[in-house]
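Structure, as structure tokens:
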Amino acid sequence: MEKTKVYFKNFVGTSYEVGTQIGQWVLSTPSLLKQVLLPPNAYPHDKFTKITDLLDRYCQGINEEIKGFADTIGVSSEQALFYAMTYLERGCSLMAVLPSKSKSGHTLMARNYDFNNEMEEMCFAFTNIKGKYRYIGSTLNLFGRCDGMNEHGLAVCKASNGVPVGNFEGGQKAGATGFSFWVVVRSILENCKTVQEAIEWTMSAPIGYNMNLMLADSSNKIALLQCMDGHKSYKLLDEYSEEAFLSVTNHALLEDIKPYQKMIIENSVVRNNKIVEVFTGKKQLSKKDIKTLLSTSYPDGLCCHYYKEFFGTLRSMIFDVNDKTIEMTFGSPQVNEWQTFSVRALEMQEVEVLLPQEKARPEFYKIS
């Protein structure tokens, strides 16, 4: 059993002011400082100009936020690792149900996020930037977001689609020029009220990351959007749909995207089949049913403790878009407590969480 820290933060003010707050946090946490910076003059200036121009168009304010961060720690904005990682991870399980399928009569979305704790800043934050929608969610590379819910009850989470794309060792080269997922998730939370608005934004934006995006809103719509090598497709369900739930793990499910799938890891198929089995086996699902699925060890459930192999459950989450709450555990849901958050300022603190250590069987990584 190992332990790690989770940070709860509030980022409030103008974009520049939020950047200074992030800079002050990083300065007080030396281990983070090493993770988020490039050496001077390491990032080509022409690429820096391209990504900042794109961000000004699709995620306004983030360049000013990074400027505040850079000024606070005394470096050039071009040294922010976020830029190099963004312009072109992980296993996750995503699911969403309409009111007709949930015992509470609410639209619910849930996810397990599986990765390696040493590669994450492990921060959950409330963000309230002037001129943007307020939201809570998990940070990634300081300025990006991995999941969350905003003040309008729009919730979003993602999973990699196939081999992760990125500018890192072992990452697949992007098949299209564009953003990584953490910009997509953040932009949706800050600028969209509904699933439909989020779909329209994502379908129009340049995206280089191969991702599966799950969306749910308080008008009782849910959607799955898949992107592969720049090709995009989505499936939208509402109260008039014959189907009442959606699920996805780390492979293509939509017919328009399947032709671009290069490989499928067997555990992704096993996990999605388990979600479908549980969801179709019950006429209506409770939050307890979903928690049991998220907390049960693979292959009977979705929880994994393979942290050293970059496949350990770091967060389990249930989004209730009608109540505008997120119930979640940090670390393994088998040994850590569930907590409930709403879209408001958090109690700023550092919390220790437990990470049981196990090793996956070789067939877990079998490729088909």
Side-chain angles (χ1 to χ4, degrees), residues 4-45 47-52 54-56 59 61-90 113 115-127 129 137-148 158 164-171 179-187 189-190 208-209 307 310 314-315 330 346 348 350-351:
T4 192
K5 284 185 178 180
V6 170
Y7 302 91
F8 294 89
K9 295 291 181 182
N10 297 314
F11 301 127
V12 180
T14 63
S15 296
Y16 187 87
E17 289 167 346
V18 165
T20 65
Q21 293 162 21
I22 294 173
Q24 290 163 2
W25 168 39
V26 169
L27 282 175
S28 69
T29 314
S31 59
L32 269 182
L33 190 60
K34 297 178 181 179
Q35 295 178 23
V36 300
L37 292 180
L38 291 172
N41 303 313
Y43 192 56
H45 187 73
K47 289 188 177 182
F48 174 75
T49 300
K50 288 179 181 178
I51 185 57
T52 53
L54 269 178
L55 287 168
D56 278 338
C59 194
I62 195 169
N63 289 321
E64 187 68 10
E65 184 177 316
I66 295 173
K67 180 68 163 59
F69 163 79
D71 288 349
T72 300
I73 65 173
V75 300
S76 164
S77 293
E78 294 181 42
Q79 289 180 245
L81 181 63
F82 176 85
Y83 285 125
M85 293 292 287
T86 293
Y87 195 49
L88 316 169
E89 186 192 27
R90 300 140 162 109
Y113 177 73
F115 194 46
N116 170 275
N117 56 293
E118 294 179 2
M119 297 285 287
E120 295 273 328
E121 61 254 42
M122 300 290 286
C123 177
F124 188 75
F126 167 72
T127 305
I129 295 176
S138 308
T139 72
L140 195 58
N141 294 322
L142 293 183
F143 308 102
R145 297 296 183 270
C146 190
D147 48 55
K158 56 66 61 181
V165 172
N167 302 324
F168 51 85
E169 185 177 353
F179 297 128
S180 191
F181 69 87
W182 46 78
V183 170
V184 176
V185 172
R186 175 174 177 155
S187 295
L189 291 169
E190 290 187 340
Y209 196 88
Y307 297 97
F310 295 82
L314 295 178
R315 290 187 295 282
F330 301 91
L346 307 172
M348 302 246 287
E350 298 177 13
V351 177

**Request:** Just jot down the side chain to side chain donor-acceptor pair (under 3.5 Å) partners of Glu121, sequence neighbours excluded, or say none.
**Result:**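 Per chain and number, Glu121 pairs via side chain to side chain donor-acceptor pair (under 3.5 Å) with Thr139.
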Output the distance between atom [atom1] ([X]) and atom [atom2] ([Y]), rounded to the nearest 0.5 Å.
{"X": "Leu346", "Y": "Asn10", "atom1": "CG", "atom2": "CG", "answer": "5.0 Å"}
{"X": "Glu65", "Y": "Gln21", "atom1": "CD", "atom2": "CD", "answer": "9.0 Å"}
{"X": "Leu37", "Y": "Leu81", "atom1": "CG", "atom2": "CG", "answer": "8.0 Å"}
{"X": "Trp182", "Y": "Tyr209", "atom1": "CH2", "atom2": "OH", "answer": "7.0 Å"}
{"X": "Asn141", "Y": "Phe82", "atom1": "CG", "atom2": "CZ", "answer": "7.0 Å"}
{"X": "Ile51", "Y": "Cys59", "atom1": "CD1", "atom2": "SG", "answer": "9.5 Å"}

**Asked** What residues, two or more places apart in sequence or in another chain, satisfy side chain to side chain contact (heavy atoms under 4.5 Å, CB included) together with Thr4?
**Response** Asn117, Met122, Val353, Leu355
**Test side chain to side chain contact (heavy atoms under 4.5 Å, CB included) applied to Glu118 - qualifying residues, sequence neighbours left out** =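 Checked Glu118 against side chain to side chain contact (heavy atoms under 4.5 Å, CB included); matches are Asn116, Lys308.
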Just by distance, do the side chain of [X] and the backbone of [Y] share a donor-acceptor pair under 3.5 Å?
{"X": "Asp147", "Y": "Ser138", "answer": "yes"}
{"X": "Thr29", "Y": "Val26", "answer": "no"}
{"X": "Glu350", "Y": "Tyr7", "answer": "no"}

**Prompt:** Hey, would you say the Tyr113 and Phe330 ring centroids sit under 6.0 Å apart?
**Reply:** no
**Message:** Would you say the ring centers of Phe48 and Tyr83 fall short of 6.0 Å from each other?
**Reply:**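 Yes.
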Within a strict 4.5 Å, meaning less than it, do heavy atoms of the [X] and [Y] side chains meet?
{"X": "Pro39", "Y": "Gln79", "result": "no"}
{"X": "Phe11", "Y": "Ile129", "result": "no"}
{"X": "Phe181", "Y": "Cys146", "result": "yes"}
{"X": "Leu314", "Y": "Glu120", "result": "yes"}
{"X": "Thr14", "Y": "Val18", "result": "no"}

Distance-only criterion, 3.5 Å: show the donor-acceptor pairs between side-chain atoms of residues 68-77 and protein atoms not counting sequence neighbours.
unit_1: Asp71; atom_1: OD1; unit_2: Lys67; atom_2: NZ; d: 3.2
unit_1: Asp71; atom_1: OD2; unit_2: Tyr16; atom_2: OH; d: 2.7
unit_1: Asp71; atom_1: OD2; unit_2: Lys67; atom_2: NZ; d: 2.8
unit_1: Thr72; atom_1: OG1; unit_2: Gly68; atom_2: O; d: 2.7
unit_1: Ser76; atom_1: OG; unit_2: Glu78; atom_2: N; d: 3.2

**Prompt:** Going by the angle between their ring planes, with limits at 30° and 60°, are Phe8 and Phe124 parallel, tilted or perpendicular?
**Reply:**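 Phe8 vs Phe124 ring planes: perpendicular.
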**Item:** Chi angles and distances behind the side chain to side chain contact (heavy atoms under 4.5 Å, CB included) call for Lys158, Val184
**Value:** CA-CA 10 Å; Lys158 56 66 61 181; Val184 176; over 6 Å; no
**Prompt:** Excluding sequence neighbours, so at least two apart, what forms salt bridge (charged side-chain N to carboxylate O under 4.0 Å, His left out) with Glu190?
**Reply:** Arg186
**Message:** Please tell me whether Asn63 and Thr52 have a donor and an acceptor in their side chains that are separated by less than 3.5 angstrom.
**Reply:**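 Result is no, nothing qualifies.
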**Any pair counted as salt bridge (Lys or Arg N to Asp or Glu O under 4.0 Å), so long as it reaches residues 8-37, sequence neighbours left out** = none
